[in-house]
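Since we're looking at a predicted model, the values are computed, not measured. Start at 1 with the first residue, then count along the sequence.
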Amino acid sequence: MVRRIEDYALIGDRQTGALVGRDGSIDWLCLPRFDSPACFAALLGDRDNGHWRLAPAGAGNCTRRAYRAGTLVLDSVWETERGAVRVTDFMPHRDRAPDVVRVVEGLSGRVAMLGVLRLRFDYGRVVPWMRRSDGHRVAVAGPDSVWLRSEPPVRTYGEDFSTRSEFTVSAGERVAFVLTWHPSHRPRPRQVDPYRGLARSLADWRAWAGRTTYRGPYRDAVERSLITLKALTYSPTGGIVAAPTTSLPEEIGGVRNWDYRYCWLRDSALCLLVLLSAGYREEAAAWRDWLLRAIAGDPAELQIMYGLAGERRLPEIALPWLAGYEGSVPVRLGNAAAGQLQLDVYGEVLETLHICRCRGLPAASPAWNLQRAMMDFLESAWRAPDEGLWEVRGTRRQFVHSKVLAWAAADRAVRAVETHPALHGDAGRWRAMRDEVHREVCRRGYDAERGTFTQSYGSEELDAATLVIPRVGFLPPSDPRVVGTVAAVQAELDHHGLLHRYGSRHRGASAVDGLPGGEGAFIACSFWLVDALRLIGREDRARALFERLLDLRNDVGLLSEEYDPVGHRQLGNFPQAFSHIGLVGSALTLAGAATAD
């Protein structure tokens, strides 16, 4: 049965994540890290590529499901003719080994349950050797080993290269399954008590969610997005993945399928800002430390993305044995965009470090030296064409958004020196750069006849990224050029009330993005429009759009990268940090909590 992207929910332990379908099947899980090979890859192929379903025998989708308040613990309830049962899925915050715990609890009557575990290591390609050992089912293949046990023990047997579990639960009875990964050359991992693990997971998540200082409107939606962003954080290093998945398509059947299991500097910087605004200073400090480690060295060699621990080599390859989500191929690993030049990243990073300083985050000694080195590079590099934030795979252009963020980098550097006497730098030189960038963008990136900033110098295309111009302070919201840009973007990039990233003439194999086919509305862009409408005084329109965007979330509050307003379905990798960052940021803007530093 084909499942839509929004049919999934995320569970995770802040080092990896699993997607659980409405039918009780875990169809995606990479172990032990977000970017490790998947042992369940049915999401990008079929059941033979690995999955783990646990549900009433013969049942389809659950009757209802929800996260427990303030947590990433998922409850799915089936109401059948013979009774009701709840399956609780979670991943305990790990000690050493990653665990997936599934607790089955009878709510009424007597329900027959069926579990089907089909492990396929290396993205659905390798069938493991299965054996029994001391009450466990053990799967081994190459470097990977997975141990499965139940408490109390239930009948399990092998069939069709899978492990099946059959049992019955009555009201008040519980059966817990624990699946644990560890390197195959090491001894059996320490057992986790599933019920203590559940209690601890509930307490840990609620303690974290309770730390937020946000008390504005839409608090439930904001809390769910903050929890999702925390779940996408790789806790050992502080890096934040863009999404826990690869190759979920931006167009069903299309080729715009990318691996997002890495740390984009831009996404991470914006994520840090919303976390900081919501009161999470520890996460901000952890990200800053990750950043300083990842980009240490020559600023000219700065990458737009890194691995979870700061790895630089992310070679892009295709996996031909996976059929792709609804036939969308290729399925890709790695991301060649890591080698692109995207000048806006320098601005995002420098702005974030500036705000950390302004909000009293304890100083890190290498941070200012890094910023000075980045400015030294940017002073000469800002004039160069680049691939822009949309990672086009065509010809480099003079993207307006890239130049605006170069201006922001210089502006923040100037303000840092002016407001913090202990920081030393050539403010005069940076001020001159800032003014030059501003003059050039206003002269070459603005179409006076249409009253709007364009996507790149000399282009007639528009770009939703220009909506950030008032947010970064390049021009005040009341400036007619800002108001005109908001109106033009909203009119020309409209897609059934949402926004495309850029115009259709920009897409296609012969256009600047260098790729065939189309895509859905980009969810983060519509949140940017909310912010821009609010800033130019169109608060009622901003709030109406924000509430429509909330309706795009699935039943457990998650958003993917894009949305198809015609097919009424989510598209792209899921859940997407960029979309949830946009949601929190717009809620802060509407609440009046987003103030310029």
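With respect to C442, the side-chain contact (heavy atoms from CB on, under 4.5 Å) criterion is satisfied by exactly one of R439, H438, R444: H438. Partner of Y260 under the ring-ring contact (aromatic ring centres under 6.0 Å, His included) criterion, out of W264, Y262, W258: W264 alone.
Salt-bridge check for R256 with E562: failed, with every basic side-chain N at 4.0 Å or more from each acidic carboxylate O. Here K403 does not pair with E440 in a salt bridge; the nearest charged N to carboxylate O distance is not below 4.0 Å. No salt bridge links R397 with E461; every basic N to acidic carboxylate O contact stays at or beyond 4.0 Å. The pair E561-R501 does not meet the salt-bridge criterion, since no charged nitrogen lies less than 4.0 angstrom from a carboxylate oxygen. Using a cut-off of 4.0 Å between Lys/Arg side-chain N and Asp/Glu carboxylate O, R415 and D411 are scored as salt-bridged. Note on R543 versus E539: salt bridge recorded, some NZ/NE/NH1/NH2 to OD/OE distance being below 4.0 Å. With respect to E316 and R332, a salt bridge is recorded, a charged nitrogen being found less than 4.0 Å from a carboxylate O.
For the 3.5 Å distance criterion, the side chains of S277 and R359 qualify, holding a donor opposite an acceptor. No side-chain donor-acceptor contact under 3.5 Å links Y214 and E223. Side-chain atoms of W208 and E282 include no donor-acceptor pair closer than 3.5 Å. A donor and an acceptor atom, one from each side chain of R538 and Q490, are nowhere located under 3.5 Å apart. Of the N and O atoms on the side chains of D447 and T452, not one donor lies less than 3.5 Å from an acceptor on the other residue.
Looking at every heavy atom in both residues, I469 comes nearest to V404 through CG1-CG2, 4.1 Å. Between F34 and A231, the shortest heavy-atom contact is CZ-O, 3.3 Å.
Looking only at side-chain heavy atoms (C-beta outward), L571 and P249 stay at 4.5 Å or farther from each other. Residues P32 and R94 form a side-chain contact, since some pair of their non-hydrogen atoms from C-beta on lies under 4.5 Å apart. Contact check for W382 versus Y346: no side-chain heavy atoms found under the 4.5 Å cut-off. Taking the side chain as every heavy atom from C-beta outward, I227 and R224 approach each other to under 4.5 Å. Taking the side chain as every heavy atom from C-beta outward, W28 and T246 approach each other to under 4.5 Å. Taking 4.5 Å as the limit, some side-chain heavy atom of Y218 sits within range of a side-chain heavy atom of L590. Proximity of W205 to K230: side-chain heavy atoms (C-beta onward) are separated by under 4.5 Å at one or more points. Using a 4.5 Å heavy-atom threshold, the side chains of Q576 and Q570 count as separate.
When atom types are taken as modelled, the side chain of R412 and the backbone of V349 share no donor-acceptor pair closer than 3.5 angstrom. At distances below 3.5 Å, not a single donor-acceptor pair connects side-chain atoms of R33 with backbone N or O atoms of Y234. Using modelled atom types, no side-chain atom of Q398 and backbone atom of S456 make a donor-acceptor pair closer than 3.5 Å. Between the S586 side chain and the F527 main chain, a donor and an acceptor come within less than 3.5 Å of each other. A donor-acceptor pair under 3.5 Å is absent between the side-chain atoms of R553 and the main chain of A221, judged by distance alone. Under a 3.5 Å cut-off, the side chain of T237 and the backbone N or O of W290 do not form any donor-acceptor pair. Using a distance-only test at 3.5 Å, with no hydrogens or angles considered, a donor-acceptor pair links the side chain of H580 to the main chain of L559. Distance alone, capped at 3.5 Å, places no donor-acceptor pair between the S560 side chain and the N573 backbone. Checked by atom type and distance alone, the side chain of Y67 pairs as donor or acceptor with a backbone atom of L10 at under 3.5 Å.
Residues passing the ring-ring contact (aromatic ring centres under 6.0 Å, His included) test with F453, sequence neighbours excluded: Y446. Qualifying side chain to side chain donor-acceptor pair (under 3.5 Å) partners for N554, counting only residues two or more places apart in sequence or in other chains: none. Remark: S402 pairs with D386 by the side chain to side chain donor-acceptor pair (under 3.5 Å) rule, at least two apart or across chains.
Ring centers of H424 and W368: at least 6.0 Å apart, outside the cut-off.
Of the inter-residue distances, the one linking C356 atom SG with L272 atom CG reads 4.5 Å to the nearest 0.5 angstrom. The distance from atom CG of N335 to atom CD1 of I317, rounded to the nearest 0.5 Å, is 12.5 Å. Atoms OG and CG, from S235 and L308 in turn, are 10.5 Å apart once rounded to the nearest 0.5 Å. Once rounded to the nearest 0.5 Å, the distance linking CD1 of I523 with CH2 of W528 reads 12.5 Å. Between the CG atom in L232 and the SG atom in C271 there is a gap of 8.0 Å [rounded to 0.5 Å]. Remark: D259 CG to S247 OG distance equals 6.5 Å, nearest 0.5 Å.
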inquiry  = If you apply the rule side-chain contact (heavy atoms from CB on, under 4.5 Å), what do you find for Y502 with T466, and how did you get there?
reply    = CA-CA 10 Å; Y502 40 76; T466 56; over 6 Å; no
task = Kindly indicate, with the supporting measurements, whether the criterion side-chain contact (heavy atoms from CB on, under 4.5 Å) is fulfilled by R393 and Q340.
result = CA-CA 9 Å; R393 300 207 172 191; Q340 289 188 353; 4.3 Å; yes
request  = List the steps, then state whether side-chain contact (heavy atoms from CB on, under 4.5 Å) holds for Q342 with L265.
outcome  = CA-CA 10 Å; Q342 297 179 21; L265 294 187; over 6 Å; no
request  = Decide side-chain contact (heavy atoms from CB on, under 4.5 Å) for L314 and Y306; before the verdict, give the C-alpha distance in whole Å, the side-chain angles of both, and the deciding distance to 0.1 Å.
outcome  = CA-CA 8 Å; L314 309 174; Y306 296 86; 5.7 Å; no
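Other residues, nucleotides and ligands contribute over 12 non-hydrogen atoms within 6.0 Å of the CZ atom of R215.
Figure legend: cation-pi geometry between R266 and W390 absent, as NZ or CZ is not positioned both under 6.0 Å from the six-membered ring centre and within 45° of its axis.
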